[in-house]
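A short worksheet on the structure shown next.
All values below were derived from every heavy atom in this structure, side-chain atoms included, with hydrogens, water molecules and symmetry-related copies excluded. Throughout, a chain's letter reflects where its sequence line sits, starting with A, and its residues are numbered from 1.
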Amino acid sequence: MEIALSLHKSQTPLLGTSSRGSLSFSGRCFVSKVANWSHPFSRICCSSMDQTLKPKPKKVEYMERLVTVLNHNQIMKTFPSRLCSQIEKLVLCNRYREAMELFEILELGHDGFDVGGSTYDALVSACVGLRSIRGVKRVFNYMINNGFEPDLYVMNRVLLMYVKCGLMMDARKLFDEMLERDAASWMTMIGGLVDSGNFSEAFRLFLCMWEEFNDGRSRTFVTMIRASTGLGFIQVGRQIHSCTLKRGVGDDNFVSCALIDMYSKCGSIADAHCVFDQMPEKTTVGWNSIIASYALHGYSEEALSLYYEMRDNGATIDHFTISIVIRICARLASLEHAKQAHAALVRHGYGTDIVANTALVDFYSKWGRMEDARHVFNRMRNKNVISWNALIAGYGNHGQGEEAVEMFEQMVREGMIPNHVTFLAVLSACSYSGLSGRGWEIFYSMSRDHKVKPRAMHYACMIELLGREGLLDKAYALIRSAPFKPTTNMWAALLTACRMHENLELGKLAAEKLYGMEPEKLCNYIVLLNLYNSSGKWNEAAGVLQTLKRKGLRMLPACSWIEVKKQPYTFLCGDKSHSQTKEIYQKVDNIMFEISRHGYVEDNETLLPDVDEEEQRILKYHSEKLAIAFGLINTPHWTPLQITQGHRVCGDCHSAIKLIAMVTGREIVVRDASRFHHFRNGSCSCGDYW
DNA sequence: GTAGGGTTAG
């Protein structure tokens with residue numbers, strides 16, 4: 001075995017092999033007669049996915065009547081075998097629900113009829129397809145009651161079903177109890193561990209398996225490459241990579257794609273590209289993997305040009321490709337490319353794909369084009385929790401808090417189970433829109449009604465909500481009442497609220513907590529500095545400045561850029577390097593004059609009170625303002641301006657841009673690394689997000 | 001002879 005792994009010390013020792021050839025875990029041996037095991041099922045509660053299989057009273061009546069009629073009929077003698085062949089046919093064409101309905105007739109009318117291996121196999125397949133624990137329990141009970149000894153194949157299928165349903169405890173129990181195991185049993189179990197995020201355990205089992213089966217087929221390595229990706233240790237991934245080369249499966253398409261993904265997620269885009277270059281045949285999945293890799297590392301333009309290269313090379317574009325491209329467009333704020341991707345989605349026949357459509361909802365939501373987002377969402381035939389979350393977050397981030405709450409309520413009514421992201425979206429929507437009462441109701445309902453434990457982010461939302469209302473003591477009390485150690489997000493929310501409401505004492509406390517946790521983070525000091533400045537506490541402000549100096553923390557010059565005719569133009573604060581400098585400055589001055597008539601008052605609060613007058617003058621020419629002026633001069637009046645900033649928008653700029661959007665009638669989208677700020681006709685709906 | 005594998009969305 002070529003792989004040497006250093007796993008976490010707290011792990012229990014490796015599996016041992018008992019004299020009977022079965023594995024023992026933690027000293028306990030789980031060998032028992034397979035036919036007797038009914039316990040894995042007895043503890044299983046019915047999955048919600050089983051609802052459709054639950055016979056309705058009327059349906060039972062109908063079935064019983066049907067069976068009674070059949071019992072009185074001569075057909076009865078030949079009927080079960082016909083039923084079986086019908087079940088197998090239905091499973092072959094993926095009509096699992098109907099297959100299980102026929103099985104119900106068997107259960108009701110033919111208990112005692114041993115249907116035979118192939119039908120059991122088909123029935124387990126149907127349950128796997130339906131992810132139905134209750135179904136497999138029924139099939140298995142029928143099997144055991146009729147004296148059928150499940151063979152290895154059927155056992156593997158049941159194991160797979162547990163794994164696919166995420167019931168890893170049951171899967172493990174079954175796996176331990178299996179008298180016979182082959183490579184498929186091992187890799188099903190290991191794959192399940194990888195899917196459930198238990199990567200080190202997956203490696204432990206893999207090492208055990210390797211002693212028993214030296215299974216060097218490509219699909220085994222693919223699973224272990226995924227495990228390396230999950231572990232995040234590139235060295236482990238490299239060792240698996242070298243194993244694939246030694247075994248001669250390094251060129252396998254599946255292996256290559258898994259490797260591209262692994263190298264990219266472990267931080268090496270160069271290695272990922274190297275694997276891609278060496279692929280003998282560049283498949284769609286290969287292209288998708290490399291495009292996604294570039295996108296993951298923030299190389300959006302490169303990713304997009306790879307997509308065009310893929311298209312030009314005649315590779316098949318699939319729904320994965322389009323989903324990735326839409327995501328890239330969201331990051332580039334490129335409406336034009338996104339529209340093309342939307343069209344390609346429909347043209348290639350993936351108009352109903354849930355992931356691609358969710359990516360579109362997300363794209364339009366990020367852009368603040370909520371009508372478009374809603375339109376795509378409404379047309380989706382299938383929606384999952386992520387689709388709902390994207391829409392709710394969209395409404396929330398663009399100031400439509402009531403719509404966000406409404407969608408949340410509709411989601412719950414329709415039986416979709418909200419997760420922690422849903423609550424983050426709806427709570428921050430309540431916070432931004434000042435829906436305090438509703439926010440609290442939802443916060444309390446999280447663990448009570450939806451069994452979702454509030455995390456630090458949810459607390460931070462509530463602290464922000466209280467902070468906006470000026471209820472700073474309550475916000476502080478909430479921090480102290482949290483059942484975990486308060487995080488930086490929570491203190492930062494309190495500090496921001498203190499700055500907003502000029503509460504020096506609490507602000508100082510929050511800032512000190514933050515200094516302890518993030519001593520090198522500049523913005524924590526700046527917020528306190530501004531709080532001191534606005535309260536006229538010059539000595540304290542000077543103290544903060546001294547701390548900054550001592551720590552060598554400096555403000556980086558702000559930088560923003562705008563794309564005009566596919567060409568990006570970059571501006572620094574007070575930048576004079578551009579050839580149109582004169583016009584740009586004139587435009588900024590004009591706009592400033594214009595918006596001052598609409599109530600804009602320049603914020604004279606400066607971060608560095610000791611800079612001279614000339615510098616002060618330059619500092620007011622924020623990079624965003626210059627970029628917007630450039631955009632106003634060089635783009636047609638109907639196009640929205642997309643400004644990207646390398647920093648967080650400051651309060652002064654924020655109100656200025658809002659007013660510029662109003663007086664010029666232009667739509668302005670300002671985005672930073674993680675989120676969009678959207679301004680349209682003077683209404684702004686953005687807030688800080690973590 | 002069957003089953004276990006890669007890429008996408010908040």
(message) Taking any heavy-atom pair under 4.0 Å as a contact, classify Ile386(A): base, sugar-phosphate, or nothing.
(response) base
(message) Can you see if the side chain of Lys265(A) gets near the phosphate of dT8(B) - specifically, an N or O under 4.0 Å from OP1 or OP2?
(response) yes
(request) Tell me which nucleotide among dG10(B), dT8(B), dT2(B) gets nearest to the side chain of Val385(A). (result) dG10(B)
(message) Counting only side-chain heavy atoms from C-beta out, which of dG5(B), dT8(B), dA9(B) sits nearest to Thr358(A)?
(response) dA9(B)
(request) Could you tell me the separation between the CG atom of Asn357(A) and the C1' atom of dG10(B), rounded to a whole number of Å? (result) 15 Å
(request) Calculate the interatomic distance between Leu205(A) atom CG and dG4(B) atom P; express it in whole Å. (result) 18 Å
(message) For the residue pair Ser185(A) / Asp182(A), report whether a side-chain donor-acceptor contact shorter than 3.5 Å exists.
(response) yes
(message) I want to know whether Trp388(A) and Phe377(A) have ring centres closer than 6.0 Å.
(response) yes
(message) Among dT2(B), dG4(B), dG6(B), which nucleotide has an atom closest to any side-chain atom of Val285(A)?
(response) dG6(B)
(message) Measure CZ/Phe175(A) against P/dA3(B) and give the value in whole Å, please.
(response) 19 Å
(message) According to ring-ring contact (aromatic ring centres under 6.0 Å, His included), who are the partners of Tyr263(A), at least two apart in sequence or on a separate chain?
(response) His241(A)
(message) Is the distance from the ring center of His375(A) to that of Tyr364(A) below 6.0 Å?
(response) no
(message) Nearest to the Ala292(A) side chain among dT7(B), dG10(B), dG5(B), which nucleotide is it?
(response) dT7(B)
(request) Quick one: label Ser218(A) by what it contacts on the DNA or RNA (base, sugar-phosphate, nothing), any heavy atom closer than 4.0 Å. (result) base
(request) Name the nucleic acid region contacted by Ser256(A), choosing base, sugar-phosphate or nothing; use a 4.0 angstrom heavy-atom cut-off, strictly under. (result) nothing
(message) For the aromatic rings, using the six-membered ring if either is Trp, is the centroid distance between Phe443(A) and Phe423(A) under 6.0 Å?
(response) no
(message) From the set dG4(B), dT2(B), dT8(B), return the single nucleotide nearest to any side-chain atom of Thr220(A).
(response) dG4(B)
(request) Would you indicate which nucleotide in dT2(B), dG5(B), dG10(B) comes nearest to any side-chain atom of Val421(A)? (result) dG10(B)
(message) Side chain of Asn156(A) only, heavy atoms from C-beta on: which candidate in dG6(B), dA3(B), dA9(B) is closest?
(response) dA3(B)
(message) Distance check needed: dA9(B) C1' versus Phe363(A) CZ, whole Å only.
(response) 14 Å
(request) State whether the distance check finds a donor on one side and an acceptor on the other, under 3.5 Å, for side chain Asp252(A) versus base dG5(B). (result) yes
(message) Check the orientation of His297(A) and Tyr299(A). Use parallel for under 30°, tilted for 30 to 60°, and perpendicular for over 60°.
(response) parallel
(request) Answer with base, sugar-phosphate or nothing: what part of the nucleic acid does Ser185(A) contact at a heavy-atom distance below 4.0 Å? (result) nothing
(message) For a quick test of reading the model: is some side-chain N or O of Arg226(A) closer than 4.0 Å to OP1 or OP2 of dG6(B)?
(response) yes
(request) With heavy atoms under 4.0 Å as the rule, sort Asn419(A) into base, sugar-phosphate or nothing. (result) base
(message) From CG of Asp121(A) over to C1' of dA3(B), roughly how many Å is that when rounded to an integer?
(response) 9 Å
(request) Would you mind classifying the nucleic acid contact of Asp261(A) as base, sugar-phosphate or nothing, using non-hydrogen atoms under 4.0 angstrom? (result) sugar-phosphate
(message) Check this for me: does the side-chain of Ser289(A) come within 3.5 Å of the base of dT7(B) through a donor and an acceptor?
(response) no
(message) Output the rounded distance in Å from CD1 (Ile291(A)) to C1' (dT8(B)).
(response) 11 Å
(message) Quick check for you: among dG10(B), dG6(B), dG4(B), whose closest atom lies nearest to any side-chain atom of Asp215(A)?
(response) dG4(B)
(message) I'd like to know if Thr223(A) reaches the base of dG5(B) with its side chain such that a donor and an acceptor end up less than 3.5 angstrom apart.
(response) no
(request) For Arg438(A) and Val405(A), indicate whether the former's side chain and the latter's backbone hold a donor-acceptor pair under 3.5 Å. (result) no
(message) Just the rounded figure in Å: distance from C1' of dG10(B) to NE2 of His420(A).
(response) 9 Å
(request) Scan Ala183(A) against the nucleic acid and name what it touches under 4.0 Å (heavy atoms): base, sugar-phosphate only, or nothing. (result) base
(message) I want to verify a distance call: between dT8(B), dA9(B), dG5(B), whose nearest atom is closest to the Asn384(A) side chain?
(response) dA9(B)
(message) Need one value for Arg217(A): base, sugar-phosphate or nothing, where a base atom within 4.0 Å counts as base even if backbone is also close, heavy atoms only.
(response) base
(request) Could you check how far OH of Tyr307(A) sits from C1' of dT7(B), rounded to whole Å? (result) 15 Å
